[in-house]
Peer 1: 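For reference, the structure I am asking about is given below.
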Amino acid sequence: MTNKKLHLDPKYCILVTGGAGFIGSNLCITLLNNGNKVRCLDNFATGKLDNINALLSNPNFTLIEGDIRDIEVCKSACKEVDYVLHQAALGSVPRSIKDPITSNDVNVSGFLNMLVAARDCSVKRFIYAASSSTYGDSENMPKIEDVIGKPLSPYAITKYVNELYANIFSTTYGLETIGLRYFNVFGRHQDPNGAYAAVIPKFVMQLMNHESPIINGDGTYSRDFTYIENVVQMNIRAIAATDKKATNTVYNVAYGERTDLNELVALLKEYLSVFDSKISEVQIKYGPTRQGDVPHSLASIEKAKTLLEYHPEYDIKKGLKEATTWYWQNLKQ
Ligand code: NAD
């Protein structure tokens with residue numbers, strides 16, 4: 001586990017919203033392994049019971065099936081909680097373009113409910129999933145936390161509004177907050193199915209089934225793909241931070257390198273071919289670029305390194321090797 005060198009006091013009770021989802025379930029597992037009491041609040045909109053089934057028998061784990069759009073649910077979930085790791089949201093840019101109202105209800109009104117509940121229950125710190133989409137049309141490279149552009153989708157607006165609200169709750173009510181701008185996270189438990197699946201699990205499943213992945217555009221678009229272990233590390237560091245200068249702000253959570261889609265598919269084929277040599281022969285197809293997609297994304301992680309001592313241990317190759325092994329062992333039919 002990446003947090004070996006990190007000391008997180010096991011006496012804390014931590015609420016993970018969206019705890020049945022990809023990132024949330026990985027957080028729950030690490031925290032339970034550390035001996036913490038973990039409460040998971042999820043309405044299973046996109047989360048899966050499979051992700052947390054193994055945790056249900058752990059006496060330190062409590063599942064609250066509920067919706068963050070209900071303030072009473074949020075308040076009861078926050079009672080006697082030390083830290084909140086708020087992950088619950090509707091992800092995906094295309095989903096928000098198709099249905100901006102529901103994305104706004106969950107990602108903005110639900111977020112505000114959680115802030116109010118955390119404030120009223122005097123939680124020590126509210127740490128939340130922000131997003132690299134907040135950089136919008138900014139062409140700066142690498143992305144530095146203070147320089148953002150105009151949002152390019154309803155989803156990006158919701159995530160930016162989260163940051164604005166968190167800042168106001170810090171300055172107005174004294175609630176400590178930390179926003180984590182995740183950059184294209186991947187790894188075990190990420191859902192490969194459905195119209196809004198992320199590119200890595202979707203391509204992995206297609207390759208495992210000998211189907212051609214379709215790259216949007218010519219494959220030169222690039223992303224700072226970030227393995228889940230780095231994200232877990234960052235959340236633990238955000239809880240453990242004792243320096244006040246490190247709080248009431250936002251951080252990029254990334255590895256700090258970018259990989260284009262052509263390179264990504266080549267790596268996936270290489271690692272999956274270890275299990276099935278025929279995968280190396282699967283052809284790649286190319287389609288039109290997608291609305292709302294930025295051509296390139298690369299994070300500066302200097303702020304997190306300096307203020308939170310964040311040191312990502314997984315580059316894309318190490319992460320993809322683990323992730324492809326997990327998909328092969330768990331989802332290959
Ligand atoms: P996910 O869809 O796997 O997890 C989200 C979880 O929130 C799911 O379990 C879902 O059921 C739950 N949820 C949704 N609406 C809810 C509601 N109304 N009430 C209670 N629970 C609700 O997605 P993820 O990739 O694990 O994302 C977690 C967070 O990280 C989200 O806030 C997302 O916007 C953010 N994020 C993710 C990425 C990424 O690359 N995965 C990048 C940037 C930001």
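Both counts, for ligands and for their atoms, begin at 1 and track the order of listing. Only heavy atoms go into these numbers, but all of them, side chains included; no hydrogens, no water, no symmetry mates.
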Peer 1: Would you say Asp191 contacts ligand 1, with heavy atoms under 4.0 Å as the rule?
Peer 2: no
Peer 1: Yes or no, since that's all I need: does a protein heavy atom fall within a distance strictly under 4.0 Å of atom 30 (O) of ligand 1?
Peer 2: yes
Peer 1: Are Tyr128 and Phe111, when compared by the centres of their aromatic rings, separated by less than 6.0 Å?
Peer 2: yes
Peer 1: What's the shortest heavy-atom distance between Lys285 and Ser212, and which atoms?
Peer 2: CG-CB, 4.0 Å
Peer 1: Are Gly110 and ligand 1 in contact, using a heavy-atom cut-off of under 4.0 Å?
Peer 2: no
Peer 1: Show me which atoms of ligand 1 lie under 4.0 Å from any heavy atom of Val185.
Peer 2: 39 (C), 40 (O), 41 (N)
Peer 1: With no hydrogens and no angle check, is any side-chain donor or acceptor of Thr30 less than 3.5 Å from a backbone partner on Leu27?
Peer 2: no
Peer 1: Any nitrogen or oxygen of Ala88, side chain or backbone, less than 3.5 Å from one on ligand 1?
Peer 2: no
Peer 1: Given Asn51, Thr17, Ile68, Asn43, which has its nearest heavy atom closest to atom 13 (N) of ligand 1?
Peer 2: Asn43
Peer 1: Which ligand 1 atoms does Gly47 reach within 4.0 Å, using its non-hydrogen atoms?
Peer 2: 8 (C), 9 (O), 10 (C), 11 (O)
Peer 1: Using modelled atom types and a 3.5 Å cut-off, is there a donor and acceptor pairing between side-chain atoms of Asn230 and backbone atoms of Pro312?
Peer 2: no
Peer 1: Determine whether any heavy atom of Gly66 lies closer than 4.0 Å to an atom of ligand 1.
Peer 2: yes
Peer 1: Decide whether the shortest distance between a heavy atom of Ser25 and an atom of ligand 1 is less than 4.0 Å.
Peer 2: no
Peer 1: Under 4.0 angstrom from ligand 1, any heavy atom of Lys48?
Peer 2: no
Peer 1: Work out which heavy atom in Asp42 is nearest to a heavy atom in Ala20; give both atom names and the distance.
Peer 2: OD2-N, 3.0 Å
Peer 1: Do me a favour and list the nearest non-hydrogen protein atom to atom 25 (O) of ligand 1 with residue, atom name and distance?
Peer 2: Phe22 CD2, 3.5 Å
Peer 1: Would the distance check show the side chain of Arg39 and the main-chain N or O of Ala77 forming a donor-acceptor pair, the cut-off being under 3.5 Å?
Peer 2: yes
Peer 1: Would Tyr155 count as a contact of ligand 1 if the rule is a heavy atom under 4.0 Å away?
Peer 2: yes
Peer 1: Taking distance alone, with no angle check, do Thr46 and ligand 1 share an N/O pair under 3.5 Å?
Peer 2: yes
Peer 1: Would you kindly confirm whether Tyr165 and Val123 end up in one hydrophobic cluster when ILVMFWY residues are joined by side chain heavy atoms under 4.5 Å apart?
Peer 2: yes
Peer 1: Charged N to carboxylate O under 4.0 angstrom, Lys11 versus Asp9?
Peer 2: yes
Peer 1: Taking NZ, NE, NH1 and NH2 as the nitrogens, is one of them in Lys124 or Asp82 under 4.0 Å from a carboxylate oxygen of the other?
Peer 2: yes
Peer 1: Using a 3.5 Å cut-off on N or O atoms only, is Phe183 in polar contact with ligand 1?
Peer 2: no
Peer 1: Under 4.0 Å from a heavy atom of Asp67: give me the atoms of ligand 1 that qualify, with their elements.
Peer 2: 17 (C), 18 (N), 19 (N)
Peer 1: Taking only heavy atoms of Gly21, which atoms of ligand 1 are found under 4.0 Å from at least one of them?
Peer 2: 3 (O), 4 (O), 8 (C), 9 (O)
Peer 1: Tell me whether Ile200 is reachable from Tyr286 by hopping between hydrophobic residues (I, L, V, M, F, W, Y) whose side-chain heavy atoms are closer than 4.5 Å.
Peer 2: yes
Peer 1: Is the Phe169 to Phe126 ring centre distance short of 6.0 Å?
Peer 2: no
Peer 1: Could you list which atoms of ligand 1 come closer than 4.0 Å to a heavy atom of Gly18?
Peer 2: 6 (C), 7 (O), 9 (O), 12 (C)
Peer 1: Just go through Asn184, Val106, Ile23 and tell me whose heavy atom is the nearest to atom 37 (C) of ligand 1.
Peer 2: Ile23
Peer 1: Looking only at N/O atoms, are Asp42 and ligand 1 under 3.5 Å apart anywhere?
Peer 2: yes
Peer 1: With atoms numbered from 1 as shown, which atoms in ligand 1 lie under 4.0 angstrom from a non-hydrogen atom of Lys159?
Peer 2: 31 (C), 32 (O), 33 (C), 34 (O)
Peer 1: Between Gln87 and ligand 1, does any nitrogen or oxygen pair lie at a separation below 3.5 Å?
Peer 2: yes
Peer 1: Less than 6.0 angstrom separating the ring centers of Tyr314 and Phe186, yes or no?
Peer 2: no
Peer 1: Only heavy atoms of Phe44, strictly under 4.0 Å: list the atoms of ligand 1 that pass.
Peer 2: 11 (O)
Peer 1: Answer yes if the side chains of Asn262 and Asp260 hold a donor-acceptor pair under 3.5 Å, and no otherwise.
Peer 2: no
Peer 1: Testing the 3.5 Å rule here: is there a donor-acceptor pair between the side chains of Asn252 and Tyr135?
Peer 2: yes
Peer 1: Do ligand 1 and Leu41 have nitrogen or oxygen atoms that lie under 3.5 Å from each other?
Peer 2: no
Peer 1: Which residue from Gly91, Ala130, Ser96, Ala129 reaches closest to atom 44 (C) of ligand 1 through any of its heavy atoms?
Peer 2: Ala130
Peer 1: Could you list the atoms of ligand 1 found under 4.0 angstrom from a heavy atom of Ala20?
Peer 2: 9 (O)
Peer 1: Would you check if the side chain of Arg181 reaches a backbone N or O of Ala299 as a donor-acceptor pair within less than 3.5 Å?
Peer 2: no
Peer 1: Which residue and atom name correspond to the protein heavy atom nearest atom 14 (C) of ligand 1, and how close is it?
Peer 2: Ala89 O, 3.5 Å
